[in-house]
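In this text, all values refer to a predicted model and were calculated from it rather than measured experimentally. Below, each value reflects all heavy atoms present in this structure, side chains not excepted, and no hydrogens, waters or symmetry copies. Below, chain A is the first sequence line, B the second, and so on; all start at residue 1.
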Number of protein chains: 2
Amino acid sequence: MGDRSRGVTISDVAAHAGVSPASVSRVLNGRASVDPEIVRKVQASIATLGYSPSLVARSLVHGRNTTVAMVVPDLENPLFQGILKGLSLAAADDGYRVLVADTAERVDDEEAIAVEARQRCDALVLCAPRMPEAKLRRLVERVAPVVVVNRPLPDLDVPIVGVDYVRGIRDLVDHLVGLGHRRLAYVTGPETSASNAERLRGVDEALAMHPSVRIERIPGGSRPEDGEAVAPAVVEVHRAGVTAVIAFNDLVALGLLARLRELGVDVPGELSVAGFDDVPMARYATPRLTSMSVPRTEIGAQVWARLRTLIGGGPIEHTVLYRPRLEARESTAAPAAVGARA
Amino acid sequence: MGDRSRGVTISDVAAHAGVSPASVSRVLNGRASVDPEIVRKVQASIATLGYSPSLVARSLVHGRNTTVAMVVPDLENPLFQGILKGLSLAAADDGYRVLVADTAERVDDEEAIAVEARQRCDALVLCAPRMPEAKLRRLVERVAPVVVVNRPLPDLDVPIVGVDYVRGIRDLVDHLVGLGHRRLAYVTGPETSASNAERLRGVDEALAMHPSVRIERIPGGSRPEDGEAVAPAVVEVHRAGVTAVIAFNDLVALGLLARLRELGVDVPGELSVAGFDDVPMARYATPRLTSMSVPRTEIGAQVWARLRTLIGGGPIEHTVLYRPRLEARESTAAPAAVGARA
DNA sequence: CTTCACCGAGAAATCGCTTTCTCCATCACC
DNA sequence: GGTGATGGAGAAAGCGATTTCTCGGTGAAG
């Protein structure tokens, strides 16, 4: 590991400088006052020998790694990328590094991967949108300290940082209703996805608040391909009177948009389309995609803040949910002047 | 670290099972034959105590971590994400984990970050497209074993995995020329970027092969914003006769595409646009973006293969360059029926 | 029946560092 | 000038595993 200097150890330095290893350690860590002469000699020896201390040995003594792990279902998802980036940068400021563990969407392996990752680190960040809740609860206890992302876990002592999907969907529906839409459709995410469940709650709440509105559900997915695949179904509901579609996320929305264009559906002229997450590409889509913006890197930074507290023996901080912000762009507009009532 | 079970050590297990720590270790690692009765007892004790061995202690003994680090300038870049993903999955198959170090494009910190990351790991993957070559060469020697991504470093003993940008650009130009274009433009990447330099070489070689072709250079960048910003300049050269544009990468191309649409330029009717990298979103752009596909995750896997060899004390394997594959989509087409000669 | 090779299990050394403990010397103060 | 407080440096004890070394016991061979 730190062995790039071919195994020169603290004892080598000590010998070379004619002092004890303890003194070298003191010089290294500045923990106690040391004779300036010794400091000088030790530093000289360190330079000469090209010594650099073994972090592993240090870790063994201190019982910590200054490393945390983040478990994600799919590194190619822009949301997780953003969180990883924010986490990684924030952690770096405190001298911590982040290890990534991509579970490649294999839900069954998630637990084992998380436990293994935890072994190597001081703490864990868990993004496991598909893991069954009971399993997740057990896991969380095993791997503490841990911060959970985007999973509500009521009554469990674990810090959670997430997105208020319920509110986000409500706000998005409000936006569309405000534009005059009364018949909407929601292209669902993966069935087992917790954040999809949240979004569905948002749909329900929105329906409760807008009695005159109807929202169809169309089984979708989480990737652009899913968006493409669902396009015919969307066209169908559109024919039946739906004037606006909310996709599970931007990836789906972008796929959908591409396919709709090919199917000759004018967005937003005939049909409004909105996504969720506001991925970087959303604003470069054609038309520029209306989306609910989620502060990805900020979430990552917040996760780190929670984790750091935990590692330092601090209290389990409160759950924090970020409220997505509407980014109204070109893909949503008032419905064509047909009967606006359903 | 593995301390989730509150510091139960191998000695605790040994005591509980009434055997020596050495035996517990043997049972754990299956290195030698052990009395079945002891095995049973030890396993029982392990289960009872919820013991799990400290990876750090192991690392200290073995002198390795089973962890490698990847240094990237920007985790939000789809290319690096793909490589990270491929690397991470391939490494996981061999029981290795990947630590990420995002340098946030701060070229000056790259060296320090790399060295620090290397301390924690058995090996390094270096993506440093902007680092001055001399500096990179020095660094590479310090942090070995290391694999370098996307940087040609002639005569240096280091495995390199990369993309043949030169060839890629040539092929892309061929594609455009084949469509009938004679006057092209290349929107450059960051000035200090090594892969931009490669692309420029590709441009030169292409020019040499097509004497009748002219290629303007337009200073650009590497992000969608840069693509948007450069749009007016592109329009200008278009007015002057350019019929096809190659962007440094897809992100730039996508930004450009969005802006061109707003400027009323028909792609590919009036102007063909091509990107590079074939990011996931390329095929969902409007029009679907022609690009040079780069096997991102495959590169990551290949990087791991090289790294593993190196870690195992194997030879420095040869440089491997992936030749990008043309993904001809809708954004490129034959030029409008004006004079096809420049 | 004795001797030797072999095998399995515990004791102990080791990995490279930090930290406590111990000791010696210096200083201040009475 | 003697004594206690102080401080700085080395010795040694961990941290938690692995691995070598050592030794006692068993089985086979002479």
To the nearest Å, give me how far apart [atom1] ([X]) and [atom2] ([N]) are.
| X | N | atom1 | atom2 | result |
| --- | --- | --- | --- | --- |
| His62(A) | dG14(D) | NE2 | P | 17 Å |
| Ile10(A) | dA11(D) | CD1 | C1' | 14 Å |
| Arg26(B) | dA12(C) | CZ | C1' | 12 Å |
| Asn29(A) | dT18(C) | CG | C1' | 8 Å |
| Glu37(A) | dG7(D) | CD | P | 21 Å |
| Arg64(A) | dC15(D) | CZ | C1' | 14 Å |
| Lys41(B) | dA9(C) | NZ | P | 10 Å |
| Leu55(B) | dC15(D) | CG | C1' | 15 Å |

[Y]/[X] salt bridge by N-O under 4.0 Å criterion:
| X | Y | answer |
| --- | --- | --- |
| Glu110(B) | Lys135(B) | no |
| Glu133(B) | Arg137(B) | yes |
| Asp35(A) | Arg40(A) | no |

Ignoring the backbone of [X], work out which of [options] is nearest its side chain.
| X | options | value |
| --- | --- | --- |
| Ala22(B) | dA17(D), dC17(C), dT19(D) | dT19(D) |
| Leu28(B) | dC21(C), dC17(C), dT18(D) | dT18(D) |
| Ala57(A) | dA17(D), dA9(D), dG16(C) | dG16(C) |
| Leu60(B) | dG16(C), dA9(C), dT18(D) | dG16(C) |
| Val61(A) | dG10(D), dT18(D), dG16(C) | dG16(C) |

| query | At their closest point, which heavy atom of Val8(B) faces which heavy atom of Tyr51(B), and how far apart are they? | reply | O-CD1, 3.2 Å

| query | Shortest non-hydrogen contact from Arg118(B) to Val143(B)? | reply | NE-O, 2.8 Å

| message | Just to be sure I understand the geometry, which residues of residues 11-20 of chain A put a non-hydrogen atom under 4.0 Å away from DNA chain C? | response | none

| message | Could you check whether Asp93(B) and Trp304(B), counting side-chain N and O atoms only, form a donor-acceptor pair closer than 3.5 Å? | response | no

| Below 4.0 Å: OP1/OP2 of dC17(C) and any side-chain N or O of Arg58(A) | no

| query | Closer than 4.0 Å, any side-chain N/O of Ser33(B) to the OP1 or OP2 of dG8(C)? | reply | yes

| query | Which is true for Ser25(A) with a 4.0 Å heavy-atom rule: it touches a base, it touches only sugar-phosphate, or it touches nothing? | reply | base

| query | If you look at every strand shown and take non-hydrogen atoms under 4.0 Å, does Val34(A) touch a base, only sugar-phosphate, or nothing? | reply | sugar-phosphate

| task | Take Arg130(A) and Glu105(A) through the test salt bridge (charged side-chain N to carboxylate O under 4.0 Å, His left out) and record every step on the way to the result. | result | CA-CA 8 Å; Arg130(A) 315 276 180 91; Glu105(A) 306 264 10; 3.3 Å; yes

| said: Nearest heavy atom decides the nucleotide; on that basis, is Pro21(A) or Asp35(B) closer to the 5' end of DNA chain C? | reply: Asp35(B)

| Heavy-atom check, side chain of Pro132(B) versus side chain of Val107(B), under 4.5 Å | yes

